[in-house]
S.K.: 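A single structure is presented below for examination.
Basis for what follows: all heavy atoms, side chains included, without hydrogens, waters or symmetry-related copies. Bear in mind that the values here come from a model prediction, so they are computed numbers and not experimental data.
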Amino acid sequence: MLVLEEMERLSLEQVVFCQDRASGLRAVIAVHSTRLGPALGGCRMRPYATEQEAVLDAMRLARGMTYKAAVFGLDYGGGKAVIIGDPAKDKSAELFRTLGRYIGYMNGRYIAGVDQGTSVADMNEIAKETIYVTDTPGSVMATRDFAEEMTAYGVYVGIKASANAVFGTHVLRGRTVAVQGLGKVGLLLCRYLYEAGAKLIVADPDAQLVKLAVAAFGAAESEPDRIAFEPCDIFAPCALGGILNESSIPRLACRIVAGAASNQLGEEWHGELLQEREILYAPDFVINAGGLLITAREIQGGSEADLRRSVEAIDRVLRTVYRFARQTGIATSDAAGYLAERNLARA
């Protein structure tokens, strides 16, 4: 991958490479856009197989954050930091403090927060070196897994909006939902769906999490590589991205795809394949925007009730996306991207 060419293709403003031998830090900070405001986005830590994978993940996730902020009318741009390493083995206070110094050098262009593989304690270390960080002790995020809860709640809101668009009602009782991935967000989403009366099919590489979902929610079991193709009303991908592609889409047996995973489309044009199959796709950067929405609201000084209400905007924005897609005849993924770009153009 040629980094500058990929930056041009994705319209990124900046990519910062961070390396520090003493702390073991190897990280990438991607800033997609600051046209609407400082780039807001989480800091994730994963044992990426290659440096190229890490760089591309940071770039695509940063762009998704820009589109999230733009489509919801927030005064923020999009960015993302990724740390190459195993969060179970490679974390240290000095590693995150070193990353904090790199973020500080950017002088407010990028604001970090909790993401996959990182925690409030990690953000606290970053905060010892820079003010440009959220989700620190004292914030709502520090009290419990509030970000994951609100992400799951937002996906639940989005699933109901999508069901209303396809079935004419937001009621989920009796609908079958296949949930791929039972991390914190996936399990919390299962709880919301179960309480709404949905029938669940679940899959995860961790057999203990599957057993938990079966016991708690009466879910049926599937396998991670098979669940996308189970007959169901709604498929909810809540694991890694790239699940929707030219190989998987022809095999889907659902009416709706609506889940928490980022970058669900392998390529942008795969949204058109879903449209051709008359499968409604809830664009990932809209339906999984709960974390960004509550962070933006908390920065403004909102209460916990305010934060929860802010997530309900997902219903309004998805309805707008679906309506625009119907009116123009384009895929919902393209419709959401167009609406985000339109707001960016007004900046």
Side-chain angles (χ1 to χ4, degrees), residues 12-20 22-45 58-59 61-66 68-70 72-85 87 90-148 150-151 289-304 306-307 310 347:
L12 264 84
E13 293 179 3
Q14 185 178 21
V15 175
V16 177
F17 293 87
C18 313
Q19 189 280 138
D20 180 72
S23 64
L25 177 70
R26 298 169 70 226
V28 180
I29 304 172
V31 173
H32 178 264
S33 174
T34 55
R35 287 161 67 183
L36 294 173
L40 189 61
C43 169
R44 67 173 47 186
M45 186 173 187
M59 289 181 172
L61 290 167
R63 184 177 65 164
M65 294 303 294
T66 293
K68 283 183 191 184
F72 284 94
L74 303 177
D75 296 327
Y76 292 98
K80 187 70 72 168
V82 302
I83 302 171
I84 302 172
D90 300 327
K91 281 188 180 184
S92 69
E94 185 55 33
L95 183 145
F96 284 96
R97 291 190 64 167
T98 302
L99 180 63
R101 290 194 288 274
Y102 277 105
I103 293 170
Y105 300 152
M106 298 175 72
N107 200 29
R109 286 178 56 79
Y110 167 67
I111 302 173
V114 169
D115 205 302
Q116 182 185 86
T118 61
S119 67
V120 170
D122 301 328
M123 297 306 107
N124 188 45
E125 295 301 324
I126 291 175
K128 293 176 181 178
E129 302 291 340
T130 180
I131 62 172
Y132 300 115
V133 60
T134 62
D135 306 341
T136 53
S139 70
V140 173
M141 311 300 180
T143 58
R144 59 182 189 278
D145 296 325
F146 191 70
E148 290 87 352
M150 289 299 95
T151 299
L292 174 66
L293 291 167
I294 62 173
T295 298
R297 189 68 186 90
E298 185 175 35
I299 290 173
Q300 296 170 353
S303 66
E304 185 171 322
D306 293 330
L307 270 58
S310 72

S.K.: To the nearest 0.5 Å, tell me how far Leu61 CG sits from Met65 CE.
M.R.: 9.0 Å

S.K.: My understanding is that only residues two or more places apart in sequence, or in another chain, count here; which of them pass side-chain hydrogen bond (donor to acceptor under 3.5 Å, both in side chains) with Asp75?
M.R.: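 Per chain and number, Asp75 pairs via side-chain hydrogen bond (donor to acceptor under 3.5 Å, both in side chains) with no residue.
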
S.K.: Using side-chain hydrogen bond (donor to acceptor under 3.5 Å, both in side chains) as the criterion, list what pairs up with Thr134, not counting sequence neighbours.
M.R.: none

S.K.: Report the residues that fulfil side chain to side chain contact (heavy atoms under 4.5 Å, CB included) with Arg26, sequence neighbours left out, ordered by chain and then residue number.
M.R.: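 Result, side chain to side chain contact (heavy atoms under 4.5 Å, CB included) vs Arg26: Glu51, Ile84.
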
S.K.: Under the side chain to side chain contact (heavy atoms under 4.5 Å, CB included) rule, collect the residues that match up with Ala70, sequence neighbours excluded.
M.R.: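 Partners of Ala70 by the side chain to side chain contact (heavy atoms under 4.5 Å, CB included) criterion, ordered by chain and then number, come out as Leu36, Ala340, Asn343, Leu344.
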
S.K.: How many angstroms lie between atom CZ of Phe72 and atom CG of Leu293, to the nearest 0.5 angstrom?
M.R.: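 Between atom CZ of Phe72 and atom CG of Leu293 there are 5.0 Å.
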
S.K.: Enter the distance from Gln14:CD to Ser33:OG here, rounded to the nearest 0.5 Å.
M.R.: 12.0 Å

S.K.: Return yes if some donor-acceptor pair links the side-chain N/O of Ser23 with the main-chain N/O of Leu95 below 3.5 Å, else return no.
M.R.: no

S.K.: Please lay out, stage by stage, how Phe96 and Lys91 fare under the test side chain to side chain contact (heavy atoms under 4.5 Å, CB included).
M.R.: CA-CA 8 Å; Phe96 284 96; Lys91 281 188 180 184; 3.8 Å; yes

S.K.: Output the distance between atom SG (Cys43) and atom CD1 (Ile29), rounded to the nearest 0.5 Å.
M.R.: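 Answer for the SG-CD1 pair, Cys43 versus Ile29, is 8.0 Å.
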
S.K.: What are the two closest heavy atoms between Gly108 and Pro38, and how far apart are they?
M.R.: O-CB, 3.3 Å

S.K.: What are the two closest heavy atoms between Leu292 and Leu40, and how far apart are they?
M.R.: CD1-CD2, 3.5 Å

S.K.: For the residue pair Arg297 and Leu307, what are the closest heavy atoms and their distance?
M.R.: CG-CD1, 3.8 Å

S.K.: For Ala58 versus Ala30, what's the shortest heavy-atom pair and its separation?
M.R.: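 Minimum heavy-atom contact is O-CB, 3.5 Å.
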
S.K.: For Thr34, what residues pass the side chain to side chain contact (heavy atoms under 4.5 Å, CB included) criterion, not counting sequence neighbours?
M.R.: Glu13, Val31, Ala39, Arg109

S.K.: Using the salt bridge (Lys or Arg N to Asp or Glu O under 4.0 Å) criterion, which residues pair with Glu129? Sequence neighbours excluded.
M.R.: Arg97, Arg101

S.K.: Could you grab the distance from atom OG of Ser92 to atom CD of Glu125, nearest 0.5 Å is fine?
M.R.: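 These two atoms lie 8.5 Å from each other.
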
S.K.: Considering residues at least two apart in sequence or located in another chain, which fulfil the salt bridge (Lys or Arg N to Asp or Glu O under 4.0 Å) criterion with Lys68?
M.R.: none

S.K.: Indicate the atoms forming the closest heavy-atom contact of Tyr110 with Gly79, along with that distance.
M.R.: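 So the minimum-distance heavy-atom pair works out to CE1-C, 3.8 Å.
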
S.K.: With sequence neighbours left out, write down each residue that passes salt bridge (Lys or Arg N to Asp or Glu O under 4.0 Å) with Asp115, or none if nothing qualifies.
M.R.: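 Partners of Asp115 by the salt bridge (Lys or Arg N to Asp or Glu O under 4.0 Å) criterion, ordered by chain and then number, come out as Arg44, Lys80.
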
S.K.: For Asp122 and Ile126, what are the C-alpha separation, side-chain angles and deciding distance, and is it a side chain to side chain contact (heavy atoms under 4.5 Å, CB included)?
M.R.: CA-CA 7 Å; Asp122 301 328; Ile126 291 175; 5.7 Å; no

S.K.: For Ala27, check side chain to side chain contact (heavy atoms under 4.5 Å, CB included) against everything at least two apart and list the hits.
M.R.: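 Per chain and number, Ala27 pairs via side chain to side chain contact (heavy atoms under 4.5 Å, CB included) with Cys18, Leu25, Ile83, Leu99.
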
S.K.: Given 3.5 Å as the limit, does a donor-acceptor pair link the side chain of Thr118 with the main chain of Val114, or not?
M.R.: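 No; judged by distance alone, with no hydrogens or angles, the pair does not exist.
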
S.K.: Under the ring-ring contact (aromatic ring centres under 6.0 Å, His included) test, which residues partner Tyr102, sequence neighbours left out?
M.R.: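 With neighbours one apart ignored, the set is Tyr105.
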
S.K.: Determine whether Thr66 and Arg35 satisfy the following criterion, side chain to side chain contact (heavy atoms under 4.5 Å, CB included), listing intermediate values before the conclusion.
M.R.: CA-CA 9 Å; Thr66 293; Arg35 287 161 67 183; over 6 Å; no

S.K.: I'd like to check the salt bridge (Lys or Arg N to Asp or Glu O under 4.0 Å) partners of Asp20; sequence neighbours left out, ordered by chain and number.
M.R.: none

S.K.: Going from CG on Asn124 to CG on Asp135, what distance comes out if it is rounded to the nearest 0.5 angstrom?
M.R.: 11.5 Å

